[in-house]
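Okay, structure first, notes after.
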Amino acid sequence: MAISLLDTIRVLASFEPPRVSLRGAPWEEYVDWAIAQGLAPLASYNLQYRMPGADAPEWVRDQLLSIYSGSVNDNVMKLVNFKRSVDELEGRKLLLIGAAAFADTLYPHVAFRPVLEIQMLLRRMDVDGFAGYLAQNEFRPEPDAPAHGAIKVLSDGRTAIHLYADVLGTSRRAEVQGIFDRAKPMKMYGPSIFRPDLEDAVLLVCLEQAREGYQVPWLSFVDLRELMTGAKAMGGVYSRPVDVAALLERAKAWKLERSLYTSLSIVSGLFPETAEALKPALPPLRRATRELLDRLVVQPASVPGKMSHVRGSERLRRLLTGQ
């Protein structure tokens, strides 16, 4: 029986995969694509331990396992290196966002969530000072590195650190200050490192996806799936129900209602088991706006197998981010 690429993705991106046979899955198409999308480590674990073999070819298991092993080593190296660089810093409030904030709170094993770079949200006045502090540990500016919205990129040759500020634009600094006020401490990285509260983390993921025109690894949609469903596989700061009223209120204040609708609609389509849980969090947009977003963004970004997704026009990105 033939199994579609999307069915293969759904099974192998689950934290509780069904014990089914994947004989006949489109492995030639899936493997390279899953590696590029950051999904290979989780898929490897599922095939090795949760659904042993699942009738997948040996070359598939071997190739995914090599990515899993590399992800373990790379993540540990980067996170330990980061900890050594910041754990003595005192008197600041710096936010760890993205992969490094999710690897230990959303995913049952740190290897499941590849950390390509460390992303941090800072007050603008702290950017230069923190960059100077990191220089003590051989972190230097990387002016030619892809910034993806960061105002400064630093690297010591092993770990890239992306520094963000004013992520909602200069006119909404009060809303950004609210993110800092609600942030939760990450004591494992020292007294100055925090991570966003749950609802803020959801909106920051939606903002990043929209800012990139939804040309993001599909692992980002797994991040959002777990944030919105209470990180049930874990027992940490994000393992609680989303406060939908607070989420919708902040989305409106941040002018991210269209982004929130788009991101949640993509997650609902990719992982149908989440649709009912996510429905109350969909902002009440006008029907014409919903249809436009569905046609221009949600549907194109939900097609698996492409190495890139829809990249909207600059006008569309402004529509999604309010910037």
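A distance of 9.0 Å separates CD1 in Ile3 from CG in Asp55, rounded to the nearest 0.5 Å. Rounded to the nearest 0.5 Å, atoms CG (Asn46) and CZ (Phe112) are 7.0 Å apart. Here CD1 of Ile97 is found 13.0 Å from CZ of Arg195. Values are rounded to the nearest 0.5 Å. Put simply, CG on Leu204 and CG on Leu256 are 8.5 Å apart, with the number rounded to the nearest 0.5 Å. Between the CG atom in Leu47 and the CG atom in Leu64 there is a gap of 6.5 Å [rounded to 0.5 Å].
Tyr164 pairs with exactly one of Met120, Arg124, Gln119 by the side-chain contact (heavy atoms from CB on, under 4.5 Å) rule, that one being Gln119.
With hydrogens and angles ignored, the 3.5 Å screen pairs no side-chain donor or acceptor of Ser14 with any backbone N or O of Val11. The backbone N or O of Ser155 lies less than 3.5 Å from no partner atom in the side chain of Thr159, so there is not a single donor-acceptor pair. Side chain of Ser268 to main chain of Leu264: a donor-acceptor pair is present (N/O by atom type, distance under 3.5 Å, no hydrogens or angles). Of the possible polar contacts, none joining the Thr170 side chain to the Asp166 backbone as a donor-acceptor pair under 3.5 Å is found. Side-chain atoms of Asn75 come within 3.5 Å of backbone N or O of Val110 as a donor-acceptor pair. With hydrogens and angles ignored, the 3.5 Å screen pairs a side-chain donor or acceptor of Ser265 with a backbone N or O of Tyr261. Ser220 places no side-chain N or O within donor-acceptor distance of the main-chain N or O of Val216, the cut-off being under 3.5 Å. Ser71 places a side-chain N or O within 3.5 Å of a backbone atom of Ala111 that can act as its donor or acceptor partner. Of the possible polar contacts, none joining the Arg92 side chain to the Ser192 backbone as a donor-acceptor pair under 3.5 Å is found. Between the side chain of Ser69 and the main chain of Leu65, a donor-acceptor pair closer than 3.5 Å is present.
Using a 4.0 Å cut-off between a side-chain N of Lys or Arg and a carboxylate O of Asp or Glu, Arg140 and Glu142 do not qualify as a salt bridge. The residues Arg240 and Glu199 are annotated as salt-bridged, a charged nitrogen and a carboxylate oxygen being separated by less than 4.0 angstrom. Between Arg287 and Glu291 there is a salt bridge, since a side-chain N of the basic residue sits under 4.0 Å from a carboxylate O of the acidic one. Salt bridge annotation for Asp197-Arg182: absent, with no cationic side-chain nitrogen under 4.0 angstrom from a carboxylate oxygen. A salt bridge does not link Asp200 to Lys184: none of the charged side-chain nitrogens sits closer than 4.0 Å to a carboxylate oxygen. Ion pairing between Lys252 and Glu249 fails under the 4.0 Å rule for side-chain N and carboxylate O. Comment: Asp223 engages Arg113 in a salt bridge, judged by a side-chain N to carboxylate O separation of less than 4.0 angstrom.
Grouping the Ile, Leu, Val, Met, Phe, Trp and Tyr side chains by contacts below 4.5 angstrom, directly or via other members, places Ile179 apart from Met125. One hydrophobic cluster holds both Phe15 and Val20 under the rule that ILVMFWY side chains link at heavy-atom gaps under 4.5 Å. With hydrophobic clusters built from ILVMFWY side chains whose heavy atoms lie under 4.5 angstrom apart, Leu116 does not share a cluster with Tyr68. Cluster membership check: Leu292 shares its hydrophobic cluster with Leu282, using side-chain heavy-atom separations under 4.5 Å among Ile, Leu, Val, Met, Phe, Trp and Tyr.
For Gln136, the CD atom counts as densely surrounded, since its 6.0 Å shell holds more than 12 non-hydrogen atoms of other residues, nucleotides or ligands. Atom CZ of Arg225 sits in a crowded spot, with more than 12 heavy atoms from other residues, nucleotides or ligands closer than 6.0 Å. Enclosure of atom CZ in Arg123 by more than 12 non-hydrogen atoms of other residues, nucleotides or ligands within 6.0 angstrom is indicated.
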Intermediate values then yes/no, salt bridge (Lys or Arg N to Asp or Glu O under 4.0 Å), Lys93 and Asp181
CA-CA 9 Å; Lys93 197 168 190 178; Asp181 293 342; 5.3 Å; no
Between Leu227 and Val242, does the side-chain contact (heavy atoms from CB on, under 4.5 Å) criterion hold? Intermediate values first, please.
CA-CA 8 Å; Leu227 286 169; Val242 170; 6.0 Å; no
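For the pair Met228 and Val202, the minimum side-chain heavy-atom distance is below 4.5 Å. At least one side-chain heavy atom of Leu12 sits less than 4.5 Å from a side-chain heavy atom of Leu22. The shortest side-chain heavy-atom distance between Leu296 and Pro300 does not fall under the 4.5 Å cut-off. Side-chain contact between Lys255 and Arg172 is present, with at least one heavy-atom pair separated by less than 4.5 Å.
The two residues Ser259 and Tyr214 have their closest heavy-atom pair at O-OH, 3.2 Å.
No side-chain N or O of Asn137 forms a donor-acceptor pair with one of Asp156 less than 3.5 Å apart.
The salt bridge (charged side-chain N to carboxylate O under 4.0 Å, His left out) check on Arg50 picks up nothing, with sequence neighbours excluded. Checked against salt bridge (charged side-chain N to carboxylate O under 4.0 Å, His left out), Lys78 has the following partners two or more places apart in sequence or in another chain: Asp74.
Ring geometry, Phe221 versus Trp218: the interplanar angle exceeds 60°, so the pair is classed perpendicular (tilted spans 30 to 60°). Trp33 and Tyr30 have tilted rings, their planes meeting at an angle from 30° to 60° on a 0 to 90° scale.
Proximity of the aromatic rings of Phe180 and Phe194 is defined here by a centroid distance below 6.0 angstrom, and this criterion is not met. A ring-centre distance under 6.0 Å is not found for Phe102 and Tyr107.
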